[in-house]
A.B. asks: 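Before I ask anything, here is the structure I am working with.
For the numbers below, each heavy atom of this structure counts, side chains included, while hydrogens, waters and symmetry mates do not. In listed order, ligands and their atoms are each counted from 1.
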Amino acid sequence: MDIEEKIRTLQEKVESELGSCSDAKGVEELTVRFLGKKGEVTSLLHSLKDLPKEQKPLVGKRVNELKGKIQEKLEAALAQFAQKELAARLASEQVDISLPGKRRFRGNRHVVLDLLQEAIDILVGMGFSVQYGPDIESDYYNFEALNFAPDHPARDMHDTFYLNTETLLRTHTSNTQVRVMEACPPPIRVIAPGKCFRNEDVSARSHVLFHQIEGFYIDREVTLADLLHTLKSFFSKLFPNQELKIRSRPSYFPFVEPGMEVDICCFVCGAKGCPICKHTGWLEVAGAGMIHPEVLKSGGIDPEEYLGYAWGFGIERLAMLRYGIDDIRLFLENDARFLQQF
Ligand code: PHE
């Protein structure tokens, strides 16, 4: 085979082998096979030394040209495959940044506890300190010390869960009053937030478990006007978007005298009358009054020297008013669709 033929066959061989290459790795193998140290083109170059002297420069030039061509071809093929492979990788790893992200559910505080905390923050800002009474309470602190006689009909109002004859689940946060009086001398300005329990038929309006905040202030010169002003300021801060009006109606609780229910003007309808305020323009929000002298005495405080006011309001009721919720049972059903809204 003369040298020209060898060159042509080699060239054809490279072309046909390249044609059946399917990836960059294949091209790299070809590069080694033809252009490597022991490659076919390289050995052809080596074989030139056996040629007659005068042929060497010409043939050498031809083989070098061949080498250059093959190199170019292989490099071009390599570049093409590399680009194809990159494009394929980019396509397979493509991220659609316009897709919405996956949100992790982080949970949130229960709407009732949230509002409870908000109310506590407001009242602390108004100078009250926080005390917690026990959920499991003696008959004494829940009733007797609060001027409920043993057979007092008011006890029936409370539908109490008794654990035994002496112990019960507190029916209101008022159980904290005498405990605090026993523990600290006046002046006392305390709120007592917490859970309350009543053995009631569960309905849209009442439940066996709910939350209250008790507030009381005992000092030498405490009046009903202080009580009403404090409640008015508090509710104005809790429902800030309206000029808030407040009113009181006489009511009975054994541990206050006089006792009353406190209403605020209905902010749902602007006091025009709506189903929420039962078309009265007013919303009942708290029981309140001046602490009964007998209760002060139970707490070791001289009613001749000191006076006090007290109030208690329910948090669920406030949450229902604020968010327009018409069924108290929703708070305890643990339906995440309901709870996640807040
Ligand atoms: N403890 C009463 C209730 O649960 C509310 C109240 C508290 C009333 C303090 C007067 C004074 O209904």
Side-chain angles (χ1 to χ4, degrees), residues 112 116 119-120 123 128 130-135 137-148 152-161 168-181 188-200 205-218 222-232 234-235 246-264 283-296 298-299 301 303 306-318 320 328:
V112 169
L116 184 76
I120 292 172
L123 290 162
F128 289 85
V130 185
Q131 296 288 330
Y132 292 93
D135 294 349
E137 184 56 288
S138 63
D139 179 274
Y140 177 76
Y141 287 112
N142 196 86
F143 289 130
E144 199 182 324
L146 294 175
N147 199 34
F148 288 78
H152 200 294
R155 287 186 185 226
D156 293 342
M157 286 165 29
H158 280 224
D159 302 306
T160 312
F161 287 113
L168 46 82
L169 297 182
R170 69 168 164 193
T171 58
H172 51 180
T173 45
S174 305
N175 70 324
T176 315
Q177 285 189 25
V178 170
R179 287 179 169 277
V180 171
M181 291 178 211
I188 295 170
R189 192 159 29 187
V190 160
I191 53 168
K195 291 186 176 67
C196 305
F197 307 85
R198 289 186 199 177
N199 190 5
E200 302 219 32
R205 289 182 64 85
S206 59
H207 213 292
V208 293
L209 165 61
F210 56 97
H211 297 75
Q212 285 186 337
I213 296 183
E214 192 83 3
F216 45 100
Y217 174 36
I218 301 168
V222 178
T223 68
L224 267 184
D226 295 328
L227 168 65
L228 290 173
H229 177 76
T230 304
L231 281 176
K232 184 176 173 181
F234 167 73
F235 285 112
I246 192 165
R247 77 173 186 187
S248 58
R249 293 170 287 117
S251 183
Y252 176 72
F253 304 93
F255 40 95
V256 285
E257 181 59 38
M260 57 198 186
E261 300 270 355
V262 178
D263 302 340
I264 57 175
L283 301 166
E284 276 176 43
V285 285
M290 297 303 290
I291 298 176
H292 197 288
E294 289 303 321
V295 176
L296 291 173
S298 305
I301 293 173
Y306 286 102
L307 287 162
Y309 69 58
W311 80 70
F313 53 75
I315 301 299
E316 278 78 357
R317 169 143 179 81
L318 295 182
M320 290 167 86
I328 196 172

A.B. asks: Can an N or O of Gln212 be found at a distance shorter than 3.5 Å from an N or O of ligand 1?
C.D. replies: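 Yes, at least one N or O pair falls under 3.5 Å.
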A.B. asks: Report yes or no: does Glu214 contribute a side-chain atom to a donor-acceptor pair with the main-chain N or O of Ala192 at less than 3.5 Å?
C.D. replies: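 The answer is no, because no donor-acceptor pair under 3.5 Å joins these two groups.
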A.B. asks: How does Ala288 reach ligand 1, by side chain, by backbone, by both or by neither, if only non-hydrogen atoms under 4.0 Å count?
C.D. replies: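 Just the backbone.
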A.B. asks: Tell me, please, which residues at least two apart from Glu137 pass side chain to side chain donor-acceptor pair (under 3.5 Å).
C.D. replies: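 Side chain to side chain donor-acceptor pair (under 3.5 Å) check on Glu137 returns Asn175, Arg179.
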A.B. asks: Pick out which of Phe255, Phe313, Phe253, Tyr141 makes a ring pair (Phe, Tyr, Trp, His ring centres under 6.0 Å) with His172.
C.D. replies: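 The single option meeting the ring pair (Phe, Tyr, Trp, His ring centres under 6.0 Å) with His172 is Phe255.
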A.B. asks: Yes or no: does Arg198 have any heavy atom under 4.0 Å from an atom of ligand 1?
C.D. replies: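 The answer is yes, since Arg198 has a heavy atom less than 4.0 Å from ligand 1.
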A.B. asks: Out of all atoms in ligand 1, which are within 4.0 Å of some heavy atom of Gly312? Include the element for each.
C.D. replies: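 In order of numbering, the contacting atoms are 6 (C), 7 (C), 9 (C).
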A.B. asks: Could you state the interatomic distance from CG (Leu231) to CH2 (Trp311), rounded to the nearest 0.5 Å?
C.D. replies: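 Leu231 CG to Trp311 CH2: 5.5 Å, rounded to 0.5 Å.
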A.B. asks: Consider every N or O of His172 and every N or O of ligand 1, then say whether any pair is closer than 3.5 Å.
C.D. replies: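 Yes, His172 has an N/O under 3.5 Å of an N/O on ligand 1.
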A.B. asks: Could you tell me whether some N/O pair between Ser174 and ligand 1 is separated by less than 3.5 angstrom?
C.D. replies: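 Between Ser174 and ligand 1, an N or O pair is found under 3.5 Å apart.
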A.B. asks: Which part of Phe255 is near ligand 1, with near meaning a heavy atom under 4.0 Å away: side chain, backbone, both or neither?
C.D. replies: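 The answer is the side chain of Phe255.
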A.B. asks: Report the residues that fulfil side chain to side chain donor-acceptor pair (under 3.5 Å) with Ser138, sequence neighbours left out, ordered by chain and then residue number.
C.D. replies: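 None.
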A.B. asks: Could Arg198 and Asp159 be called an ion pair, given the rule that one side-chain N must be under 4.0 Å from one carboxylate O?
C.D. replies: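 So Arg198 does not pair with Asp159 through a salt bridge.
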A.B. asks: State whether the shortest distance between N or O atoms of Glu214 and N or O atoms of ligand 1 falls below 3.5 angstrom.
C.D. replies: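 No; the residue has no nitrogen or oxygen that sits under 3.5 Å from a nitrogen or oxygen of the ligand.
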